[in-house]
Amino acid sequence: MSRPGTFTITARDGLARRASLVTAHGVVQTPAFMPVGTVGSVKSVCPRDLKDAGTQILLGNTYHLYLRPGDELVARRGGLHRFMGWDGPILTDSGGFQVFSLQGIRTITEEGVEFRSHIDGSKHFFSPEKVVSIQHNLGSDIMMVLDECVAYGADRDYTARSLELTTRWARRCREAYPAGSGGQLMFGIVQGGFFPDLREESLAQLRDIPFEGFAIGGLSVGESPTQMYDILRHIAPRLPEGKPRYLMGVGTPLDILTGIESGVDMFDCVLPTRNARNGTLFTSQGRVNIKRAEYKEDDGPLDPACGCYACTRFSRAYLRHLYVARELLSYRLNTIHNLTFFLDLAAQAREAVEQGRLAQLKARYEAAYPVAGEPGA
RNA sequence: GUGAGUGUAGCUCAGUUGGUAGAGUCCCAGAUUGUGGCUCUGGUUGCCGUGGGUUCAAGUCCCAUCACUCACC
């Protein structure tokens with residue numbers, strides 16, 4: 001097997017790429033969707049369920065695992081892979097987004113970010129170096145740099161200064177773990193809010209730092225789909241051509257296809273797993289709110305086009321009952337289904353890019369998932 | 001049998017000195033984008049136990065009656 005970080009593009013369809021990324025725990029075929037396993041578990045499901053659903057690579061979280069059970073404890077258990085029983089690739093988010101979402105209980109300085117634990121209120125400090133050290137202890141295959149995810153609505157001045165801080169932090173992260181110093185990869189994160197030129201500026205500052213991949217951060221923070229797509233279409237094609245591109249925290253089926261169309265290779269999002277727990281299921285026919293009374297006596301499968309365990313074995317009536325009764329099995333079956341749907345979407349996209357049919361695939365999903373506020377919605 | 005208390009939304013209950021009813025929950029529907037199984041946003045629902053009376057006006061006051069609960073015989 002090639003060396004970790006090797007990124008090979010094997011097909012293209014417009015700006016979209018079909019590629020593979022080598023990591024220390026296996027090769028990831030892209031475009032890829034990464035299920036989110038924040039605290040060392042994808043809520044309600046087992047590694048076996050993840051494999052069955054088609055998961056190649058998981059996302060874990062630095063902030064959460066640092067607070068509990070602690071990265072050093074995980075290191076003593078042999079690293080995150082062994083600890084959670086997942087032998088495939090893992091990407092760890094740096095905690096930058098938590099810094100963003102913890103607004104009110106954190107302060108950002110040049111040195112890093114001080115914050116209070118959401119668990120017990122205790123004070124902690126994340127510097128770029130600290131975040132790298134934690135991710136080193138966790139042993140993830142891909143580390144993310146510490147960044148500041150700027151809130152939606154931030155003005156140009158703040159956004160411009162923030163992006164430069166993110167750049168300085170990115171440089172410190174790379175210095176703390178130089179390229180090639182181990183099997184772990186490190187991705188830089190482009191910020192710049194909703195100003196196309198600031199996005200370009202952020203990229204210009206980061207692109208010469210020897211990262212193995214680049215991410216687009218700061219999207220899906222409250223903007224409209226149109227605003228997000230404008231920035232996405234502007235910046236994604238400008239990211240370094242020969243390295244993997246990762247769109248953080250996105251998104252809906254259409255967001256993902258729009259990203260792929262713009263040249264993005266990797267995605268993660270809590271949407272399939274969180275919505276599964278809240279009864280919103282993604283199907284080939286569009287969203288299904290399984291709690292709806294109309295499914296009370298519906299003996300048909302959730303999605304006849306889906307081959308997952310939930311769809312092949314149980315009826316809508318049963319899935320609705322489990323949800324309404326708050327049965328634990330509801331979370332598991334719904335999560336298995338939604339993950340299968342998103343992972344299938346990525347698999348279909350890989351095939352479509354190989355066949356030059358991405359536009360047709362997107363048109364199909366556009367029909368089932370119209371964008372709010374746009375024609376057809 | 002006697003005494004006391006309680007009867008208001010499917011459920012648990014608020015309803016000021018009388019001015020034709022509210023909350024929580026449930027139910028119905030929607031949201032959820034680098035995750036707290038959370039949360040948020042809308043919406044439906046009432047012979048105010050029953051029958052009389054007083055009053056311009058009664059869920060509120062008076063009488064009777066029924067049901068339930070508790071205590072005592």
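The sequence lines fix the lettering, A, B, ..., with proteins before strands; numbering per chain opens at 1.
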Expected output: side-chain A:Arg245 to main-chain A:Asp265 donor-acceptor under 3.5 Å = no

inquiry  = I want to verify a distance call: between B:rG36, B:rG37, B:rU32, whose nearest atom is closest to the A:Leu271 side chain?
reply    = B:rU32

task = Determine the interatomic distance between C1' on B:rA67 and the same-named atom on B:rG30; round to the nearest Å.
result = 42 Å

message = Classify A:Leu328 by what it touches in the nucleic acid, base, sugar-phosphate, or nothing, heavy-atom distance under 4.0 Å.
response = base

query = Considering only the C1' atoms, how many Å lie between B:rU32 and B:rU41, rounded to the nearest integer?
reply = 12 Å

message = Within the 4.0 Å heavy-atom criterion, would you say A:Ile119 contacts the bases, only the backbone, or no part of the nucleic acid?
response = nothing

message = Applying a 4.0 Å non-hydrogen cut-off, can you work out what A:Gly218 is touching in the nucleic acid: base, sugar-phosphate, or nothing?
response = base

request  = For nucleotides B:rG43 and B:rG22, find the distance between their P atoms and express it as a whole number of Å.
outcome  = 13 Å

task = Would you indicate, yes or no, if B:rC28 has its OP1 or OP2 atom less than 4.0 angstrom from a side-chain nitrogen or oxygen of A:Arg292?
result = no

ask   = Measuring from A:Cys308:SG to A:Asp52:CG, what's the distance to the nearest 0.5 Å?
value = 10.5 Å

key: Residue A:Asp255, side-chain atoms from C-beta onward, closest of B:rG30, B:rU33, B:rG37   = B:rU33

message = Quick check on side chain to side chain contact (heavy atoms under 4.5 Å, CB included): which of A:Gln135, A:His81, A:His25 does A:Ile90 satisfy it with?
response = A:His81

query = What about A:Asn289: does its side chain form a donor-acceptor pair under 3.5 Å with the base of B:rG30?
reply = no

ask   = With a non-hydrogen cut-off below 4.0 angstrom, is A:Ser101 in contact with a base, only sugar-phosphate, or nothing?
value = nothing

request  = Would you indicate, yes or no, if B:rG37 has its OP1 or OP2 atom less than 4.0 angstrom from a side-chain nitrogen or oxygen of A:Lys43?
outcome  = yes

message = Does a side-chain N or O of A:Arg274 approach OP1 or OP2 of B:rU35 to a distance below 4.0 Å, or not?
response = no

request  = Record whether the side chain of A:Thr273 comes under 3.5 Å of the base of B:rU35 through a donor-acceptor pair of N or O atoms.
outcome  = yes

key: Lys/Arg cation over aromatic A:Phe83: A:Arg77, 6.0 Å, 45° cone   = no

request  = Assign A:Gln135 to base, sugar-phosphate, or nothing according to its heavy-atom contacts below 4.0 angstrom with the strands shown.
outcome  = nothing

task = Ignoring the backbone of A:Phe97, work out which of B:rG34, B:rU33, B:rG37 is nearest its side chain.
result = B:rG34

ask   = Taking only N and O in the side chain of A:Asn278, is any of them less than 4.0 Å away from OP1 or OP2 of B:rG37?
value = no

task = Measure the acute angle between the ring planes of A:Tyr177 and A:His136, then classify it against the limits of 30° and 60° as parallel, tilted or perpendicular.
result = tilted

inquiry  = Can you tell me if A:Arg326 touches the phosphate of B:rC38, counting only side-chain N or O atoms and a distance under 4.0 Å to OP1 or OP2?
reply    = no

task = Mind checking A:His64 for me? I need base, sugar-phosphate or nothing, with any heavy atom below 4.0 Å counting as a touch.
result = sugar-phosphate

task = Decide salt bridge (Lys or Arg N to Asp or Glu O under 4.0 Å) for A:Glu111 and A:Arg168; before the verdict, give the C-alpha distance in whole Å, the side-chain angles of both, and the deciding distance to 0.1 Å.
result = CA-CA 10 Å; A:Glu111 193 48 34; A:Arg168 292 192 294 275; over 6 Å; no

note = Ranking B:rU33, B:rA29, B:rU35 by distance to the side chain of A:Ala293, first place goes to B:rA29

request  = Would you please confirm or rule out a distance under 4.0 Å between OP1 or OP2 of B:rU32 and any side-chain N or O of A:Arg287?
outcome  = yes

ask   = Hey, does A:Asn61 reach any base, or is it just sugar-phosphate, or nothing, if we go heavy atoms under 4.0 Å?
value = sugar-phosphate

Among B:rG36, B:rU35, B:rG34, the one nearest A:Val36 by side-chain distance = B:rU35

query = Taking for each residue the nucleotide of RNA chain B with the nearest heavy atom, is it A:Asn275 or A:Lys296 whose nucleotide lies nearer the 5' end?
reply = A:Lys296

request  = Tell me which nucleotide among B:rG36, B:rC27, B:rA31 gets nearest to the side chain of A:Val324.
outcome  = B:rC27

message = Please pick, from B:rG30, B:rG34, B:rG37, the nucleotide with the shortest atom-to-atom distance to any side-chain atom of A:Met248.
response = B:rG34

